[in-house]
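Encoded as C-alpha cells, the structure appears first; notes follow it.
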Amino acid sequence: MIDYKDIETKWQKAWEDAKVFQPEPNDKEGLLVTAAIPYVNSPPHIGHLRTYGTADTYARYMRMRGRNVLYPFGFHATGTPVIAFAKRIAKGDKELIDELKLFHVADEDIKKMTDPVFITEYFIRAQEADFRRAGMGVDWRRKFVTTEPLFSKLIEWQFSKLKEKGLLIQGTHPIGWCTNESQPVGQHDTKNDAQPRIEEITVVKFKDAESDAYFVCATYRPETIYGVTNLFVGESVGYVSAIVGGERYYMSLESTHALARQMKIEVEKTVDVKDLLARHAINPVTKETVPVLPGFFVKADVGTGVVMSVPSHAPFDYAALERLRAGNYALPQMEYKKLIEVEPLNGVSVGRSWTEGKRGRVTHPEIPALAYLELLNTNTMAVESSLEFATKLIYREESHWGVMLVGKYRGLKEAEARENLKKDLTASREAFFIYEISNQEPVYCRCGTKVVVNVVSDQWFINYGDDNWKNEVSRVLLKMRIYPDKYKHTFDAVVDWIDARATERAQGLGTKFPLNPEHIIESLSDSTIYMVFYTFVHILRQWDVHPEQLSAEFFDYVINSVGDVSVVARITGIDEIAIGKCRQSLQYWYSDTSRHSAPDLVYNHLVMYIFNHVALLPPPMWPKQIVVNGMVNYEGEKMSKSLGNIIPLGDGIAKYGSDPMRFIEIAGADLDTETEFSVDSVNSILSKNETLYGAVDVLNAMNGVELEHIDYWMYSRINTRIAKATEHMDRLEFRDAYTEVYYNALRDMKWYMDRGGHNHVVMRDFLESAILMLAPIMPHFAEEMWHRTGGTSLVVQEKWPEPNAGLVNAAVEDVESVIEGTVDDIAEVIQLSSKIDANKNKRISGIKIIVADNWKRIAYNMLLDHRNIARVVKDPGLKGVDPGKVAKFLGPFVNRLPTLFKVPEVDSKEVYDGFRGSAGYFKKLFRAEITVEMEGASASPRAGRALPTKPSIEVIWA
RNA sequence: GCAGGGGUGGCGGAGCUUGGUCAAACGUGACAGGCUUAGGACCUGUUGCCUUAGGGCUGCGAGAGUUCAAAUCUCUCCCCCUGCACCA
C-alpha cells in the first residue's frame with residue numbers, strides 16, 4: 001500500500017532541501033508561470049486545486065522540458081470582502097461561523113476574526129500550508145499580499161502612469177444606491193443578494209400646448225414617437241410640477257424621489273390629475289397636438305409616471321384606449337399608424353418567433369398591437385400578464401426583424417432607428433436619459449430601504465474604451481497563445497465591448513487612490529500587473545528596502561529602463577546592485593510567461609491584465625500566453641456553501657492523498673470543461689497506482705533477454721505514446737496526454753504481461769518513461785516510484801522522455817492488433833458454434849488460425865484506389881493471381897465502397913509469424929492446440945473466408 | 001435585451017477545425033461471470049434495436065438544405081448555461 005502522507009512529506013522535504021523551486025535567472029530560457037492569486041477570506045477547498053494544480057503541472061512539465069521555470073504565489077486581500085467578513089464575525093453570523101468550523105478553524109481564532117489584519121494573516125498561513133501539502137512547486141520566497149505597503153508602491157506607480165498616459169478619465173456613472181445609508185449598493189448589500197440591474201430609459205419631452213411646462217414621457221421605444229396618439233397619466237397618481245434645469249416638468253411625485261440622485265429636481269407644487277387631463281401636448285418630432293388621457297396601467301413609481309401612447313404598437317396603450325371607449329369616454333379622432341413591419345419568415349410575420357400555445361387568427365395586421373393580442377387569443381380586457389406577454393413578444397420581434405416604415409429613419413432596422421433617434425433627441429434637448437432599477441422584483445438594501453439609482457459625477461475610470469489602446473490590445477491578442485483555443489474569440493469579443501471601468505471605491509482595503517486619497521483603488525484594478533512584483537520582491541526584502549524608497553524612478557528604471565541606475569540609487573537610497581538585480585530579474589522572467597485562471601476571470605481580470613501590461617510595460621514584456629481551466633464539481637454537483645458539499649483541501653489531501661486528487665482534477669477532464677470529483681474516480685486512481693507500484697516487483701522477477709515480437713511491440717507503443725503525450729502536453733491537453741501515459745499505458749502493460757512479455761530491460765524502459773511522464777501531475781508518487789526502480793536523482797529534475805522514432809514500428813503494432821482482435825473473434829466463434837447440436841457434449845480439441853493470402857490485402861487496397869474490380873484485376877501488381885479469385889473476393893465490397901478504408905500494409909508473412917509467435921498465448925487462453933496456416937497452404941474449407949485483418953478461424957470439436 | 005458558450009447513449013463527457021475507419025473515445029452506472037466465507041477492491045464479458053458465425057436497422061435538440069456520404073458543412077427555429085461592472 002502506498003502511504004501518500006508519508007511520500008508527500010518525504011519528497012516535499014527533499015525538493016525543499018534541494019531548492020528545486022527557487023530558481024534565479026540563468027543561461028536557460030526562462031518561463032514565468034502565474035495563476036490568479038486567491039482571495040484570503042477562507043482556507044482553500046478542493047476546487048482551488050484545479051487552477052493552481054494545472055499551473056503547477058504545466059510548470060513542472062516545462063521544467064522537465066529544459067526550461068528554467070518560476071512558479072510564484074501571492075495573496076489577494078484588497079476590497080471589501082475582508083472588512084465585510086470582520087463585520088459578519090462581529091455580528092456573530094452563524095452561517096459564516098459554521099462554514100469556518102467546516103474548515104476546522106478554532107473557536108479562539110474565529111473570535112479574533114473581527115480584525116481584518118488577523119483575518120488576512122490567518123488565511124494566508126492556512127492557504128500556504130495547504131498548497132504546500134498539495135505539492136505546489138512554488139517559490140515561496142516571493143510571496144506577498146496585495147495589502148502590504150511595498151506592493152502599494154507598485155500600484156501607485158501604475159496609476160500615476162495611467163494618468164500620465166491619459167487613460168484615467170472622469171465622468172458620471174450610474175450605480176445602485178441606498179438613500180438611507182448613503183452608500184453604493186452591490187449584490188452583497190441587498191436582500192436575497194439580488195444584483196441591482198440598471199436600465200437606461202429615454203424620456204421624451206412633450207410641451208404643454210397651453211403653458212411653458214413639459215410632459216416628460218419615459219419610454220423604451222422612442223422611435224415609436226411617430227405613432228403617438230395621446231399621452232397617458234394615472235388617475236390615482238399624485239403629480240407635481242417640478243423645476244429641472246430651469247424647465248418645468250409634469251411628473252409623478254414618486255418619480256421625483258427616485259430620480260433625485262440623477263438630476264437636480266425642485267418640486268414646485270402638486271398638480272391635480274384632472275388639471276393634466278384637460279391639457280394637450282405637442283409631439284416634439286411630428287409637432288402634432290395630442291390629448292392627455294387616463295391610462296389604467298400607469299404607475300407612479302415607474303419612469304416618470306407619464307407615458308406616451310402608441311396604440312398601434314403597444315398593447316397596453318391599445319387596450320387602455322379601447323377600455324376608455326368601452327366606458328364611453330369621449331375620445332377624439334385618432335389615427336393608428338403602423339410604424340414598423342416585421343420581415344416574415346416562412347410567410348409568418350406576426351408571431352414568427354412564437355411556437356407554443358394556441359395561435360389565434362390574425363385579422364388586423366395593420367394594427368400590430370391588436371394583431372399580437374389576436375395571435376395570443378386574448379383581448380383588450382385581458383389581465384395585465386397577458387398584455388405584458390404581448391408587449392414582450394411584439395418588442396422582441398420588432399426589435400429583431402422590424403423595419404421602419406415611417407420617419408427620418410424609414411427603411412432602417414428598428415433597433416438602429418432607435419439608437420439614431422436617441423442621439424438626435426438628446427442632442428436637440430428634446431429628450432434625456434434616466435436610469436432605473438430594472439429587476440422584476442424591487443431591490444431592497446439590507447437595511448430595508450428600496451435601492452435607487454445614483455448618478456455619481458467626477459468618478460474616475462480606467463478608460464478601457466480608448467480606441468488606440470483597444471487596437472493595440474487586439475494586435476497583442478493575435479500573437480498570444482490562448483488555451484483552450486475557443487477563448488480567443490471570447491477575448492476578442494470582450495476587448496471589443498469593454499468600456500471605461502470605475503476604478504476608485506469609497507470603502508475597503510487597498511492602496512489609496514492617488515487622485516483622491518479619500519478613496520481606495522478598486523480591487524480588480526490593483527491586481528493587473530502584480531506578476532511583475534514576483535520577479536523582484538524577494539530582492540527588495542533581502543536588501544531591506546522600505547516602501548517609501550520605491551519611488552516612481554525605481555519602477556521607471558526597473559520596468560521601462562528609464563533613467564540611470566546611479567541616479568535612481570541616489571534618489572531612492574537603494575543599492576545600485578539591488579536595483580540592477582531587480583531589473584535583470586524582471587527582464588529575464590518576463591521573456592516568457594503563462595497566465596492561468598478559471599473562466600470567471602476572462603471577462604474582467606484577464607482582459608484587464610492584457611490592457612495594463614500593454615499600457616505600462618515595454619513590448620517584450622507583454623502577455624504571451626493565457627490558460628483558462630474549468631471548475632470542479634463534486635459528485636455531480638457544483639460545490640457551494642448552500643449544498644454544504646465543500647471539501648477543505650486539507651481534508652481531501654488527508655483522505656485521498658494529494659497526487660490522486662491532482663490527477664482527477666487536472667487530468668480528469670479537458671482543460672476548459674468542469675471536472676468531476678468523486679470518491680469513485682479517486683478510488684480508481686488509487687488502485688491503478690497500486691498496480692503500477694506492484695509492477696516494480698513484477699519487473700524485478702523478469703529475466704527475459706532476447707527481444708521477441710511482443711517486446712518490439714512494447715517499444716513501439718512506449719515511443720508512440722511518448723510522442724503523442726508530448727504533443728498533448730505542449731498544447732496543455734492534460735487529459736489526452738494522461739489518457740495516453742496512464743490509462744492506455746497501463747493497458748499496454750497488462751497486455752504485455754498477458755502475452756507473456758518478460759523482458760527486464762523492456763519493462764524497465766516502459767516503467768521509467770511512465771514515471772517520468774507522471775512526474776508533473778503526480779510528483780510525489782512519481783518520485784517514490786523513481787527511487788523504487790533504482791533512481792538516485794530527483795525525478796522532478798529529470799528530463800521528460802524523448803520519443804525514439806526508430807523504435808516505432810507500425811507493422812508490429814498492426815500485427816498485434818490483428819492478434820488482439822482475433823482473441824475476441826475466437827471466443828465468439830467458440831460461443832456460437834458450441835450451440836450447434838453437432839457439438840453438444842464435445843470439447844474443443846484444436847483451433848486453426850488461417851491467415852489471409854498476401855494478394856487479398858493488395859487487391860483490397862487497390863479496390864479502394866481503383867473503385868472498380870475490372871481495373872484491379874488488370875493491375876500489374878496482381879500479376880499471377882487468378883483473376884476469378886480476385887473478383888470473387890472483392891465482389892461483396894464493391895457496393896460498400898464508400899464506407900471502406902484501407903487496411904495496414906503489412907505482409908501476410910508478418911501476420912503469420914506473429915500468430916506463430918503467439919501460439920503459446922492462444923493455447924494457454926483457450927486450452928487447445930493451436931495451428932496457424934497460410935490460406936493458400938490450408939486445406940480447411942473455411943480458409944477462403946480469411947480477410948486481411950481477420951484470419952479465418954476454425955474450431956475443432958471432439 | 002446585449003455578448004460568449006452549449007444541446008450527443010442510463011449518467012458525465014469526447015468527437016465536431018480537416019464530412020466517411022462512429023453505435024460513437026474515455027470515465028461512471030447497470031447486468032452476467034470470475035476471485036472471495038461474505039462485502040469491498042480487482043479481473044472478464046455484455047450494456048440502442050434485431051440477429052445462434054463476425055450481419056442488418058435506427059440513431060447524436062427540431063426542421064430544411066448541400067453531398068455518393070453529415071453528430072460533423074449551410075440555413076431557420078426551439079431550449080439551456082455564463083457574464084453584463086463596484087462584484088472579487
Side-chain angles (χ1 to χ4, degrees), chain A residues 36-39 41 76-82 84 173-176 184-189 193 195-199 220 345-346 352-356 392 395-396 399-400 415 438 456 459 461 464 485-487 489-494 496-508 522-525 527 599-605 633 636 664 668-670 672-676 678 680-681 683-684 686-688 690-691 735-736 738-739 743-744 750 754 821 824-837 897-903 942 945 947 950 952-953 955:
Chain A
I37 51 179
Y39 207 87
N41 56 356
H76 199 24
T78 56
T80 50
V82 168
H173 183 226
I175 55 170
V185 181
Q187 185 169 5
H188 62 271
D189 303 313
D193 282 338
Q195 168 76 48
R197 297 187 176 283
I198 295 171
E199 199 163 55
Y220 293 106
L345 173 77
N346 300 329
R352 61 174 274 190
S353 69
W354 192 59
T355 52
E356 296 150 56
K392 264 191 188 163
Y395 181 87
R396 180 167 75 197
S399 297
H400 247 93
S438 66
V456 181
Q459 164 82 35
F461 297 82
Y464 293 114
D485 224 30
K486 67 173 185 184
Y487 281 106
H489 304 281
T490 310
F491 276 108
D492 285 337
V494 176
D496 205 32
W497 284 109
I498 195 170
D499 205 352
R501 187 192 165 89
T503 191
E504 48 164 336
R505 288 296 132 79
Q507 32 184 339
E522 181 268 329
S523 67
L524 274 176
S525 302
S527 58
D600 51 339
L601 297 186
V602 168
Y603 302 90
N604 41 61
H605 165 75
N633 277 356
I664 289 298
D670 286 330
D672 59 323
T673 59
E674 291 185 345
T675 193
E676 206 56 47
S678 66
D680 285 338
S681 57
N683 281 336
S684 104
L686 289 172
S687 79
K688 286 189 170 66
E690 293 292 342
T691 306
R735 188 170 100 120
D736 294 323
Y738 283 104
T739 300
Y743 295 113
N744 292 346
K750 188 172 176 304
D754 281 355
D824 295 341
D825 288 347
I826 293 177
E828 196 172 347
V829 170
I830 291 173
Q831 203 208 335
L832 290 167
S833 61
S834 68
K835 292 177 185 165
I836 297 169
D837 288 346
L897 258 173
T899 61
L900 299 179
F901 286 85
K902 289 199 177 182
V903 295
R942 305 193 62 82
R945 303 187 68 115
L947 300 175
K950 280 183 180 289
S952 177
I953 295 152
V955 179

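None of these values were measured; they are calculated from a predicted model. Chain identifiers are assigned alphabetically (A, B, ...) following the order of the sequence lines, protein sequences preceding nucleic acid strands; residue numbering begins at 1 within each chain.
- Residue A/Thr490 is classed as a sugar-phosphate contact, given heavy-atom separations below 4.0 Å to backbone atoms only.
- A straight line from OH of A/Tyr487 to P of B/rG4 spans 14 Å, rounded to a whole angstrom.
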Summary of protein contacts for nucleotides 11-16 of chain B, nucleotide by nucleotide, where a base hit scores B, a sugar-phosphate-only hit scores S (4.0 Å, heavy atoms) | -SSS--
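- With RNA chain B read from its 5' end, the first of the two nearest nucleotides for A/Arg197 and A/Leu601 is the one closest to A/Arg197.
- For the pair A/Val494/A/Thr490, a side-chain contact is recorded, criterion being any heavy-atom separation below 4.5 Å from C-beta on.
- Straight-line distance from the CG atom of A/Asn604 to the P atom of B/rA3: 19 Å, rounded to whole Å.
- For B/rG40 and B/rG48, the P atoms lie 24 Å apart once the distance is rounded to whole Å.
- Rounded to the nearest 0.5 angstrom, A/Lys750 NZ and A/Thr691 OG1 are separated by 10.5 Å.
- Under 4.0 angstrom from either OP1 or OP2 of B/rA88 there lies at least one side-chain N or O belonging to A/Ser523.
- The two residues A/Pro81 and A/Asn41 make their nearest non-hydrogen contact at CB-ND2, 4.0 Å.
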Dump the intermediate steps for side-chain contact (heavy atoms from CB on, under 4.5 Å) on A/Thr78 and A/Glu522, then the final yes or no.
-> CA-CA 8 Å; A/Thr78 56; A/Glu522 181 268 329; over 6 Å; no
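- Comparing B/rA23 with B/rA70, their P atoms are spaced 13 Å from each other, to the whole Å.
- For the C1' atom pair drawn from B/rC81 and B/rC26, the interatomic distance equals 24 Å after rounding to whole Å.
- Atom CG of residue A/Asn604 and atom CD1 of residue A/Ile498 lie 8.0 Å apart, to the nearest 0.5 angstrom.
- Within 4.0 Å (heavy atoms only), A/Ala500 reaches at least one base atom of the nucleic acid.
- B/rG34 sits 11 Å from B/rA38 when the P atoms are compared, rounded to a whole Å.
- Judged as a side chain to side chain contact (heavy atoms under 4.5 Å, CB included), and not counting sequence neighbours, the contacts of A/Ala500 are A/Ile169, A/Phe461, A/Asn463.
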Evaluate the side-chain contact (heavy atoms from CB on, under 4.5 Å) criterion for residues A/Val602 and A/Tyr487: first the C-alpha distance (whole Å), next the side-chain angles of each, then the deciding distance (0.1 Å), finally the verdict.
-> CA-CA 8 Å; A/Val602 168; A/Tyr487 281 106; 4.0 Å; yes
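- When the P atom is used for both B/rC43 and B/rG56, the distance is 34 Å, rounded to whole Å.
- Nearest approach of A/Gln459 to A/Thr503, heavy atoms of both residues: NE2-N, 3.9 Å.
- Rounded to the nearest 0.5 angstrom, A/Tyr603 OH and A/Phe491 CZ are separated by 9.5 Å.
- A pairwise comparison of heavy atoms in A/Ser399 and A/Ala415 identifies O-CB, 3.8 Å as the closest pair.
- Listed by chain and residue number, A/His76 satisfy the ring pair (Phe, Tyr, Trp, His ring centres under 6.0 Å) test with A/Tyr39 (two or more places apart in sequence, or in another chain).
- Residue contacts shown for A/Ile198 are absent, as no nucleic acid heavy atom lies under 4.0 Å away.
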Parsed dot-bracket for RNA chain B after applying the Watson-Crick and G-U rules with both distances under 3.5 Å and | for other-strand partners is ((((((((.[[[..)....(.....]]]((((((.......))))))(((....)))...[[[[[..)....]]]]])))))))....
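- B/rG5 atom C1' lies 15 Å from atom CG of A/Asp600, rounded to whole Å.
- The interatomic distance linking A/His76 (NE2) with B/rA88 (P) rounds to 8 Å, in whole Å.
- Atom C1' of nucleotide B/rA88 and atom CD of A/Glu522 are separated by 9 Å, given to the nearest angstrom.
- With both ends at atom P, the span from B/rA69 to B/rC79 equals 32 Å, rounded to whole Å.
- Residues forming a ring pair (Phe, Tyr, Trp, His ring centres under 6.0 Å) with A/Tyr395 (at least two apart in sequence, or on another chain): none.
- Here the shortest heavy-atom pairing between A/Ile198 and A/Pro174 reads CD1-O, 3.7 Å.
- Where A/Glu504 and A/Ala493 meet RNA chain B, the nucleotide closest to each residue was compared, and A/Ala493 sits on the side nearer the 5' end.
- Atom-to-atom, CD1 of A/Ile664 to C1' of B/rG27 comes out at 9 Å; the value is rounded to the nearest Å.
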What's touching nucleotides 41-44 of chain B from the protein side, N or O pairs under 3.5 Å?
| from | atom 1 | to | atom 2 | distance (Å) |
| --- | --- | --- | --- | --- |
| B/rC42 | OP1 | A/Ser687 | OG | 3.3 |
| B/rU44 | OP1 | A/Lys750 | NZ | 3.4 |

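- Residue A/Asp499 is classed as a base contact, given a heavy-atom separation below 4.0 Å to a base.
- If you take atom C1' in B/rA24 and the same atom in B/rG59, they sit 10 Å apart, rounded to whole Å.
- For B/rA14 and B/rC49, the C1' atoms lie 24 Å apart once the distance is rounded to whole Å.
- The side chain of A/Thr80 contributes an N or O atom lying less than 4.0 Å from OP1 or OP2 of B/rA88.
- When rounded to the nearest whole Å, the span between OH of A/Tyr603 and C1' of B/rC81 equals 10 Å.
- In this structure, A/Tyr395 places its OH atom 9 Å from P of B/rG1, rounding to the nearest Å.
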